[in-house]
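First the proteins, then the strands, lettered A, B, ... as listed; each starts at 1.
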Number of protein chains: 2
Amino acid sequence: MKALAHPTRMFIVDELSRGERCVCELTEMIGVEMPTVSRHLSILKKAGLVRDDKRGLKIFYQLRVPCCLSFLKCVESVLQADEAEACRAA
Amino acid sequence: MKALAHPTRMFIVDELSRGERCVCELTEMIGVEMPTVSRHLSILKKAGLVRDDKRGLKIFYQLRVPCCLSFLKCVESVLQADEAEACRAA
DNA sequence: TGTTTATTTAGCCATATTGCTAACCAGATT
DNA sequence: AATCTGGTTAGCAATATGGCTAAATAAACA
């Protein structure tokens, strides 16, 4: 649960929901040092939310629990709409 | 998001999903001092997840975003089953 | 009015989290 | 073998979190 409780990690999960990404891509998007991203990824990995796949020099991360996806949609709807509308959408 | 990232607050949300509860009830269930529970509740309230309703001396809290409910179910299914099964349920 | 009950606020301390930099590791390339 | 590239690990400082106790508040009651 706590694994999702950080904006950067939310961003990562959201981004991975659109396909696998390597650490360098995520680092560039997030605008923070790579070791920091790496640690966030290791937290997500320890929580079982993502999986890593080493190919050549790069390590690609992918979402492991599609459940996150439906949750993310819910969160987004809550953020976009007021709570009443969000609930209707859920 | 961070509002849900603590076992006590998860418990509170789960409990409130079964109906409103006053602070003293929650305090007794959780087994921690009342000021602590109060602060958790204020965090949930600030996040817009719960609403409080003062009646007489007691203050009753209720879930405000039913969206939490479907999320909770998802989380529970993840916890109970392994990830493969959880995804099937989602 | 003074007291009791239910709750919140304030202040303190211990621990956890997050970011950074520096150092390390492992494949690929030369 | 030496080096480059993409990542991780380690260690540190700053900040946030979570628990406690003590003090403040507010409604009900004697």
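Remark: Ser38(A) in residues 37-44 of chain A come within less than 4.0 Å of DNA chain D through at least one heavy atom. Contact check of residues 22-35 of chain B against DNA chain C (heavy atom, cut-off under 4.0 Å) returns Cys22(B), Val23(B), Cys24(B), Met34(B), Pro35(B).
For His6(B) and dG19(D), the shortest distance from a side-chain N or O to OP1 or OP2 is below 4.0 Å. Contact annotation: Lys2(B) side-chain N/O to dA16(D) OP1/OP2 distance is not under 4.0 Å.
Distance, Leu57(A) CG to dG7(D) P: 8 Å, rounded to whole Å. Rounded to whole angstrom, the span from the CZ atom of Arg21(A) across to the C1' atom of dG7(D) amounts to 18 Å. For Lys58(B) and dC29(D), the NZ to P distance is 13 Å, given to the nearest whole Å.
Nearest heavy atoms, Ser42(A) versus Arg39(A): OG-O, 2.8 Å.
Applying the ring-ring contact (aromatic ring centres under 6.0 Å, His included) test to every pair with at least one member in residues 7-54 of chain A, sequence neighbours left out, gives these pairs: His6(A)-His40(A).
Glu20(B) meets the side chain to side chain donor-acceptor pair (under 3.5 Å) test with Arg55(B), Gln62(B); sequence neighbours excluded. Listed by chain and residue number, Asp52(B) satisfy the side chain to side chain donor-acceptor pair (under 3.5 Å) test with Lys45(B) (two or more places apart in sequence, or in another chain).
No donor-acceptor distance shorter than 3.5 angstrom exists from the side chain of Ser38(A) to the backbone of Met34(A), with no hydrogens or angles considered. A donor-acceptor pair under 3.5 Å links the side-chain atoms of Glu25(B) to the main chain of Cys22(B), judged by distance alone. Between the Arg64(A) side chain and the Arg51(A) main chain, no donor and acceptor come within less than 3.5 Å of each other.
Tracing side-chain contacts under 4.5 Å through hydrophobic residues (I, L, V, M, F, W, Y), one reaches Val50(A) starting from Ile59(A); they form part of the same cluster. Cluster annotation: Leu4(B) is connected to Leu26(B) through the hydrophobic network of ILVMFWY side chains, with a link wherever side-chain heavy atoms come within less than 4.5 Å. Hydrophobic clustering (side-chain heavy atoms under 4.5 Å, transitive across Ile, Leu, Val, Met, Phe, Trp, Tyr) keeps Leu57(A) apart from Val37(A).
At the heavy-atom level, Arg9(B) lies under 4.0 Å from the strands shown only through sugar-phosphate atoms. Contact annotation for Tyr61(A): backbone-only contact, meaning every heavy-atom pair under 4.0 Å involves sugar-phosphate atoms and none involves a base.
For the side chain to side chain contact (heavy atoms under 4.5 Å, CB included) criterion with Tyr61(A), the lone passing option out of Leu41(A), Asp53(A), Ile12(A) is Leu41(A).
Mapped onto DNA chain D by nearest heavy atom, Gly56(B) and Ala5(B) fall at different nucleotides, with Ala5(B) at the one closer to the 5' end.
Contacts between chain B and DNA chain C, taken as any atom within less than 4.0 angstrom of a protein heavy atom, begin and end at dT5(C) to dT9(C).
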